Amino acid sequence: MSELVPEPRPKPAVPMKPVSINSNLLGYVGIDTIIEQMRKKTMKTGFDFNIMVVGQSGLGKSTLVNTLFKSQVSRKAASWNREEKIPKTVEIKAIGHVIEEGGVKMKLTVIDTPGFGDQINNENCWEPIEKYINEQYEKFLKEEVNIARKKRIPDTRVHCCLYFISPTGHSLRPLDLEFMKHLSKVVNIIPVIAKADTMTLEEKSEFKQRVRKELEVNGIEFYPQKEFDEDLEDKTENDKIRQESMPFAVVGSDKEYQVNGKRVLGRKTPWGIIEVENLNHCEFALLRDFVIRTHLQDLKEVTHNIHYETYRAKRLNDNGGLPPVSVDTEESHDSNP
Amino acid sequence: MDKEYVGFSALPSQLHRKSVKKGFDFTLMVAGESGLGKSTLINSLFLTNLYEDRQVPEASARLTRTLTIERRSVEIEEGGIKVKLTLVDTPGFGDAVDCSDCWLPVVRFIEEQFEQYLRDESGLNRKNIQDSRVHCCLYFISPFGRGLRPLDVAFLRAMHEKVNIIPVIGKADALMPKETQALKQKIRDQLKEEEINIYQFPECDSDEDEEFKRQDAEMKERIPFAVVGSSEVVRDGGTSRPVRGRCYSWGTVEVENPHHCDFLNLRRMLVQTHLQDLKEVTHDLLYEGYRARCLQSLARPGARDRTSRSKLSRQSATEIPLPMLPLAETEKLIREKDEELRRMQEMLEKMQAQMQQSQAPGEQSDSL
């Protein structure tokens with residue numbers, strides 16, 4: 001202790017960073033068990049995942065989601081007996097399921113958008129979708145600013161939007177560009193090339209290159225966005241995906257066939273059987289691994305930390321820096337109960 | 001009485017020789033949204049590379065592009081017969097975000113060809129009328145949809161009374177056999193529901209054998225044809241013969257294999273057997289319908305009878321009292337020519353009557 005009395009210094013507004021000292025542990029402490037503790041908690045609470053599918057009717061959206069999650073989670077399987085008429089305006093239909101694997105429960109919500117791109121005049125057909133997404137942010141925001149908050153706010157925000165590109169082999173459609181331009185700032189968009197079994201390997205690779213270039217030229221950032229790569233490891237991994245694999249050319253199926261003694265999901269044609277999970281045939285397995293096995297948590301985090309925060313900041317700004325007043329007449333309109 | 005050989009049974013071969021010399025004109029329109037394999041199919045059908053130097057514009061360029069009508073001609077010769085094939089393309093159709101009324105330029109184009117023909121027919125020099133009328137429209141339906149889309153229905157309804165429509169399902173290798181059947185049935189149901197009249201392949205003659213009739217009926221059941229096109233000849237597996245097709249990792253689609261797609265059917269019915277019928281229907285039914293509507297609207301500006309598609313004979317058309325209004329010169333010319341025609345026809349009939357009376361055998365005054 002010093003004899004001199006130091007000059008009184010004003011308290012800093014922001015507390016100084018604590019000095020971090022790297023010390024070597026002299027024995028096993030057990031802090032690495034935090035991973036296990038987190039895992040146990042997650043298993044108990046389960047987690048929410050909300051995935052939206054957008055694209056013209058008939059591109060195999062429902063089938064693909066069912067294939068992704070290996071269960072009938074999307075509205076009715078794609079059978080040709082579907083008598084549903086194309087709706088005149090874009091509808092938003094959310095269906096929730098609880099699926100369980102290895103003790104982990106997931107509350108999966110699939111949000112379908114029938115009617116998108118199907119009319120003669122598709123001007124602004126993305127607006128109901130944008131509205132729905134913002135409404136979920138608004139719901140979450142209202143819960144957050146409550147005085148008595150729920151322990152776990154139900155998360156209905158859209159974590160991932162799969163946008164289905166028609167496999168024309170030429171380039172993106174004007175509608176594709178319009179949609180992605182408007183929505184890439186609001187939600188994580190993962191473009192996929194639907195029904196990719198109509199393209200040869202060459203055609204696929206050329207088409208993908210053209211699509212990537214068009215997206216770049218138009219300033220459309222699909223997930224994983226470059227600006228959110230956290231470290232070098234992320235960047236290299238994501239770069240590879242962004243520049244080589246995406247958009248994933250996928251084929252979906254809910255039928256099984258016998259191939260080489262194994263039962264596989266596929267499509268049987270007179271000229272051969274297309275195996276959904278065969279990487280030589282299509283990139284379904286890549287998409288599945290990407291969305292579910294490696295980037296599921298990241299999708300949720302980017303939605304919460306970036307997209308939701310952007311929405312929140314804008315709302316607060318509009319309200320003069322104050323939390324939004326919950327006025328029932330102004331804000332309670334759900335697009336679909 | 002001895003049956004003597006007069007010789008007019010040689011008439012068909014005379015006609016044949018004349019038409020071979022004259023050559024054959026055919027105008028085919030191809031329509032449908034982009035990316036359905038239209039150009040590839042045309043190249044496969046006629047085994048020529050008509051679309052060599054085409055460049056498909058990018059999406060951002062297509063945002064503001066309006067529909068254009070492109071024409072390209074090619075002379076094909078086969079077995080001594082020359083065909084001048086004109087292809088009418090409609091790039092931009094169905095591309096834009098807002099496709100309202102995007103079929104109107106196409107309808108206008110078809111009517112313009114009728115207009116042109118009507119003028120030429122009524123003109124002074126009718127020796128070399130260029131027939132630029134569209135004889136057939138191949139309309140491509142997407143295999144990815146659930147049948148006809150609203151845009152398809154709108155286009156077909158605007159066009160079915162003006163041109164022979166043959167609907168085809170493009171890129172049919174996207175579908176499994178059951179899906180193809182279901183889609184075809186759905187389309188047929190929708191066409192019926194929307195009362196769209198597609199080109200009816202005529203019944204085969206009653207004197208054809210059963211096998212032929214069966215094949216013909218089978219072929220007609222496959223409409224709309226599900227087609228696959230390819231500009232490449234590939235070797236399937238290295239051991240079999242080279243075929244026109246598409247090579248995938250899971251197998252090769254053979255364009256000319258009837259188990260794979262209906263390409264052969266389309267080629268047979270369109271090119272090999274019904275080219276002439278398409279021209280005749282265009283002339284006798286569709287053009288006459290247009291002409292009748294046109295002239296009737298001149299005669300009775302208030303009452304436009306559009307429901308009657310029946311062929312109005314030339315005589316009855318000119319019997320409608322035409323009002324003496326200050327009309328454009330071409331209209332006047334049409335009337336003058338019709339008058340002339342009527343007079344000539346009257347003279348012809350008088351001559352025929354005279355000939356019958358004098359019983360001169362073998363004199364035929366047929367107007368070809």
Side-chain angles (χ1 to χ4, degrees), chain A residues 56-60 78-82 84-86 88 117-125 166-179 194-203 210-211 213-214 217-218 253 255 259 266-275 278 280-282, chain B residues 33-37 40 56-65 94-103 142-147 149-151 153-155 171-183 185-186 228 232 236 245-254 257 259-261:
Chain A
Q56 276 185 311
S57 76
L59 285 180
S79 75
W80 282 99
N81 297 325
R82 275 166 89 166
E84 295 169 35
K85 295 241 158 183
I86 295 177
K88 294 283 174 179
D118 290 328
Q119 304 311 319
I120 294 177
N121 183 354
N122 292 306
E123 285 273 316
N124 303 325
C125 67
S166 184
T168 59
H170 294 318
S171 64
L172 287 175
R173 288 217 166 102
L175 179 61
D176 301 336
L177 274 184
E178 286 298 295
F179 178 85
K195 297 205 168 173
D197 53 346
T198 52
M199 292 195 284
T200 60
L201 280 173
E202 236 179 62
E203 290 168 352
R210 264 191 294 251
V211 170
K213 185 155 169 287
E214 272 191 309
V217 162
N218 283 281
S253 169
K255 291 194 177 60
V259 172
R267 290 172 61 73
K268 185 166 180 198
T269 64
W271 47 90
I273 297 183
I274 304 152
E275 298 164 48
N278 183 337
N280 290 325
H281 291 188
C282 78
Chain B
E33 43 177 51
S34 64
L36 292 179
T40 311
V56 185
E58 295 177 344
S60 34
R62 279 140 73 190
L63 266 170
T64 48
R65 196 167 77 140
D95 259 359
V97 177
D98 181 2
C99 295
S100 310
D101 296 339
C102 69
W103 52 88
S142 172
F144 309 122
R146 292 201 197 293
R149 292 218 175 105
L151 180 60
V153 174
F155 180 88
K171 290 198 173 173
D173 54 352
L175 301 167
M176 299 193 288
K178 277 212 192 110
E179 292 172 341
T180 313
Q181 284 316 309
L183 180 58
Q185 188 57 49
K186 185 84 209 286
V228 177
E232 281 167 17
D236 176 18
R246 292 172 60 72
C247 254
Y248 294 113
S249 326
W250 48 88
T252 302
V253 184
E254 296 167 37
N257 182 335
H259 296 295
H260 289 191
C261 72

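Sequence lines set the chain letters: A, B, ... in the order given, protein chains first and strands last, and positions in each chain run from 1. Values in this document were obtained by computation on a predicted structure and should not be read as measured data.
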Practice problem: Kindly compute the distance separating OG1 (A:Thr198) from OH (B:Tyr248), expressed to the nearest 0.5 Å. | Solution: 5.5 Å
Quiz item: For the atom pair CD (A:Gln56) and CZ (B:Arg146), what is the distance rounded to the nearest 0.5 Å?
Solution: 11.5 Å
Quiz item: Any idea which heavy atoms bring A:Ile120 and B:Ala154 closest together, and the distance?
Solution: CD1-CB, 3.8 Å
Quiz item: What are the two closest non-hydrogen atoms of B:His259 and A:Pro270, and how far apart are they?
Solution: O-CG, 3.6 Å
Quiz item: Got a second to check how far B:Leu151's CG is from A:Asp118's CG, nearest 0.5 Å?
Solution: 11.0 Å
Practice problem: Measure distances from B:Gln185 to the heavy atoms of chain A and classify the residue's part below 4.5 Å as side chain, backbone, both or neither. | Solution: neither
Practice problem: Measure the CG-OG distance between A:Leu59 and B:Ser142 for me, rounded to the nearest 0.5 Å. | Solution: 7.5 Å
Exercise. Determine yes or no for a side-chain-to-main-chain donor-acceptor pair under 3.5 angstrom, with B:Lys171 supplying the side chain and A:Thr168 the backbone.
Key: yes
Quiz item: Which atom names give the shortest non-hydrogen contact between B:Pro177 and A:Lys268, and what distance separates them?
Solution: CD-O, 3.7 Å
Quiz item: If you round to the nearest 0.5 Å, how far is SG of B:Cys99 from CG of A:Asn122?
Solution: 7.0 Å
Quiz item: Out of curiosity, A:Leu175 CG to B:Asp98 CG, how far, rounded to the nearest 0.5 Å?
Solution: 11.0 Å
Quiz item: Are the side chains of A:Asn278 and B:Trp250 in touch, meaning some heavy atoms are under 4.5 Å apart?
Solution: no
Quiz item: Among B:Gly37, B:Cys102, B:Pro150, which has the most heavy-atom pairs under 4.5 Å with chain A?
Solution: B:Pro150
Exercise. Would you name the heavy atoms of B:Ala174 and A:Arg267 that are closest together and state the gap between them?
Key: O-NH2, 2.7 Å
Quiz item: Quick one: does A:Trp271's side chain get under 4.5 Å of B:Asp173's, heavy atoms only?
Solution: yes
